Amino acid sequence: METKGYTQDGTVDLRGRPVLASKTGKWRACAFLVGYEAFERMAFYGIASNLVNYLTTQLHEDTVSSVRNVNNWSGSVWITPIIGAYIADTYLGRFWTFTVSSLIYVVGMILLTTTVSMKSLRPTCTDGICNKASTLQIVFFYTSLYTIAIGAGGTKPNISTFGADQFDDFNPQEKEHKVSFFNWWMFSSFLGALVATLALVYIQENLGWGLGYGIPTVGLLFSLFVFYLGTPIYRHKVKKTKSPARDLIQVPIIAFWNRKLQVPNHPSQLHEHEPQQYINSGKRQVHYTPIFRFLDKAAVKDGNSSKPPCTVTQVEGTKLVLGMLLIWLVTLIPSTIWAQINTLFVKQGTTMDRSLGSSFQIPAASLGSFVTFSMLLSVPMYDCYFVPFMRRKTGNPRGITLLQRLGIGFVIQIAAIAIAYAVEVRRMHAIRMHQIMGPKETVPMSIFCLLPQYVLLGIADVFNAIGLLEFFYDQSPEDMQSLGTTFFTSGIGVGNFLNSFLVTVVDKITGRGNGKSWIGDNLNDSHLDYYYGFLLVISTLNLGAFLWASSKYVYKRETIEFNEGCIELESKALEISPLGLQV
């Protein structure tokens with residue numbers, strides 16, 4: 001923009017007026033947002049980390065059913081953001097979509113707290129014999145859970161992208177701060193998860209489930225109050241396209257109609273707007289890339305379609321989504337590994353010696369706090385030491401590329417599941433040595449033997465989770481960044497569904513014909529080590545698939561043009577790094 005003092009990326013306030021760069025956005029605005037993220041993560045992990053225990057001890061579900069139901073609910077929480085992001089990008093915008101969805105989320109938390117607090121909504125036990133949950137009790141409980149999932153669908157994809165919107169890409173200093181934003185955003189998320197796995201899990205098992213769910217409900221309401229206090233200083237992105245997702249349909253259709261045409265030898269002969277049009281509209285021009293070349297036919301001039309040809313920028317937007325889809329596919333197995341933390345790792349821990357001193361018993365789900373501890377320690381070290389060190393070595397503002405970051409995380413995750421397999425082999429050996437058969441018998445092996453796998457998964461997540469969130473936000477087409485971040489959330493969701501599917505299929509196949517199920521109700525008479533070995537094999541194969549997909553991926557290159565000149569972003573997109581991942 002030409003007017004001095006205003007943001008250059010065209011952001012506005014809630015009433016649609018241009019905003020002053022000095023009085024809005026940046027870290028000051030983000031301070032009002034991180035509180036919500038911390039309390040929302042505290043609420044989510046307060047439920048997810050111990051839900052498998054609630055289902056088995058309070059609703060009396062069997063092991064496979066409880067694991068499947070936890071995965072299905074977690075998967076829904078991470079899948080519904082696709083709908084919330086589409087509504088935000090196409091209709092309501094991030095702020096209003098978040099506002100409506102956060103209220104739905106709070107209603108779900110209130111319903112859940114009521115459900116676990118009222119005796120009439122829980123099965124009763126008489127002389128140690130417990131009744132199965134009634135249909136009404138099941139319906140009320142799962143309605144509460146899935147109301148939360150619907151609310152999360154609108155909050156999860158929009159609150160982080162809304163935070164990233166507070167930094168102006170045209171301002172070099174703000175652009176640099178944006179690189180650190182996702183690290184510190186996830187840091188606040190980890191804080192919320194830490195409180196959940198340390199304090200809330202203990203409260204749920206020792207002081208009552210109602211109190212354990214009531215505390216994050218109150219915290220969520222408080223964080224929303226703080227969020228709206230920051231309204232005057234928030235920046236809002238202006239929609240520049242009526243239906244951002246339309247190009248995803250239009251480009252392949254026109255390319256199909258023009259399938260018999262020859263693509264010009266030079267991309268400059270393809271249809272593209274004049275630079276002045278991008279200057280006037282404030283949109284970014286995306287540069288041509290030599291991948292998915294069949295889509296280039298959509299930009300051929302004088303094509304066979306009755307509709308005008310698409311621009312190179314439109315075609316490249318579709319290519320970006322296809323490229324991200326390729327990377328998304330190879331993140332599903334790592335998400336399946338992550339799903340073990342709140343399911344089988346917890347059930348595994350309940351069979352082990354959880355004593356700390358003479359009278360205190362560690363809740364098995366509390367070991368998840370070590371995932372968070374390792375994240376909290378790793379994020380500052382990554383941002384303050386690793387990134388500056390690697391920046392000097394590579395010249396990359398991020399230190400290493402986004403895909404290199406993911407690759408490192410996947411390798412650490414494979415090490416974690418290998419250790420989990422080794423620990424389970426040792427646990428099975430202890431069971432045979434002490435002739436333990438009963439499902440409630442304690443294996444004479446400390447639960448702290450599980451610590452290395454939790455810690456390594458936490459370190460891996462600093463590379464994986466933050467890297468994926470930043471990757472999908474950064475590489476999304478300009479008007480689809482909320483929808484783009486749902487690649488991150490939906491990957492976790494599908495990973496949970498995939499784990500649910502694997503657990504169910506493995507249980508049915510291995511338990512067939514009086515066989516010993518790998519994942520039975522009695523983990524002391526099962527073969528969980530075989531299942532972990534299976535996960536180790538598919539994780540290793542998936543790493544190979546990731547390296548192949550990374551070698552094919554081409555990063556987004558776009559030019560932001562304005563009257564004083566232009567800024568080109570990601571100008572090193574086609575160089576190849578020493579690791580074989582593109583810079």
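Bear in mind the structure is a predicted one, so any value in this text is a computation, not a measurement. Values reported hereafter were calculated over all heavy atoms of this structure, with side chains retained and with hydrogens, waters and symmetry mates removed.
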Let me see the working for T331 and L468 under side chain to side chain contact (heavy atoms under 4.5 Å, CB included), right down to the final yes or no.
-> CA-CA 9 Å; T331 67; L468 279 171; 3.6 Å; yes
Given side chains that start at C-beta, do those of W73 and V70 come closer than 4.5 Å, heavy atoms only?
-> no
Is any side-chain heavy atom of N72 less than 4.5 Å from a side-chain heavy atom of Y146?
-> yes
So Q348 and Y532, side chain to side chain donor-acceptor pair (under 3.5 Å) or not? Walk me through it.
-> CA-CA 12 Å; Q348 185 183 19; Y532 285 166; 3.2 Å; yes
Flag the pair Y54 / F141 as yes when their ring centroid distance falls below 6.0 Å, and as no otherwise.
-> yes
Tell me whether the centres of the aromatic rings in F546 and F410 are closer together than 6.0 Å.
-> yes
Under 4.5 Å between any side-chain heavy atoms of V321 and L325, yes or no?
-> no
Correct closest heavy-atom pair for V346 and I341 would be CG2-O, 3.3 Å
Salt-bridged, R68 to E61, with N to O below 4.0 Å?
-> no
Taking N524 for its side chain and I436 for its backbone only, find out whether a donor-acceptor pair lies under 3.5 Å.
-> no
Validation row: L469, Y473 side chains within 4.5 angstrom (heavy atoms) = no
Backbone N/O of L457 and side chain of D461: donor-acceptor pair under 3.5 Å = no
Side-chain contact, heavy-atom cut-off 4.5 Å: N53 with S66?
-> no
Is it true that the side chains of E40 and S223 contain a donor and an acceptor less than 3.5 Å apart?
-> no
So do I447 and D353 actually touch side chain to side chain, heavy atoms under 4.5 Å?
-> no
Where do T350 and A364 come nearest, in terms of heavy atoms and distance?
-> CG2-CB, 3.7 Å
V195 side chain near R41 side chain, heavy-atom distance below 4.5 Å = no
Classify the angle between the aromatic ring planes of Y213 and W209 as parallel (below 30°), tilted (30 to 60°) or perpendicular (above 60°).
-> tilted
Which of T401, V330, L403 passes side-chain contact (heavy atoms from CB on, under 4.5 Å) with S550? It is L403
Quick check: does any side chain N or O of S551 sit under 3.5 Å from a backbone N or O of W548, one acting as donor and the other as acceptor?
-> yes
Under-4.0 Å salt bridge between R398 and D474 = yes
Ring centroid separation for Y454 and F370, is it under 6.0 angstrom?
-> no
Has R405 got its NZ or CZ under 6.0 Å from the middle of the six-membered ring of Y382, at an angle within 45 degrees of the ring axis?
-> yes
Check: V67 main-chain N/O paired with N71 side-chain donor or acceptor under 3.5 Å = yes
State whether the side chain of T80 and the backbone N or O of A149 hold a donor-acceptor pair below 3.5 Å, judged by distance alone.
-> yes
Across all chains, not counting sequence neighbours, the salt bridge (charged side-chain N to carboxylate O under 4.0 Å, His left out) partners of D62 are none
Under 3.5 Å donor-acceptor, T486 side chain and I82 backbone | no
Are the side chain of N50 and the backbone N or O of G46 linked by a donor-acceptor pair below 3.5 Å?
-> no
Backbone N or O of G467 within a donor-acceptor pair of the E470 side chain at under 3.5 Å?
-> no
Scan S517, S526, S65 and name whichever one has a side-chain hydrogen bond (donor to acceptor under 3.5 Å, both in side chains) with D507.
-> S517
Side-chain touch E205/Y202, heavy atoms, less than 4.5 angstrom | no
Correct closest heavy-atom pair for V201 and S49 would be CG2-OG, 3.5 Å
Of the options T489, I79, T336, which is the one that meets V494 in a side-chain contact (heavy atoms from CB on, under 4.5 Å)?
-> I79
Does the ring center of Y531 lie less than 6.0 Å from the ring center of W518?
-> no
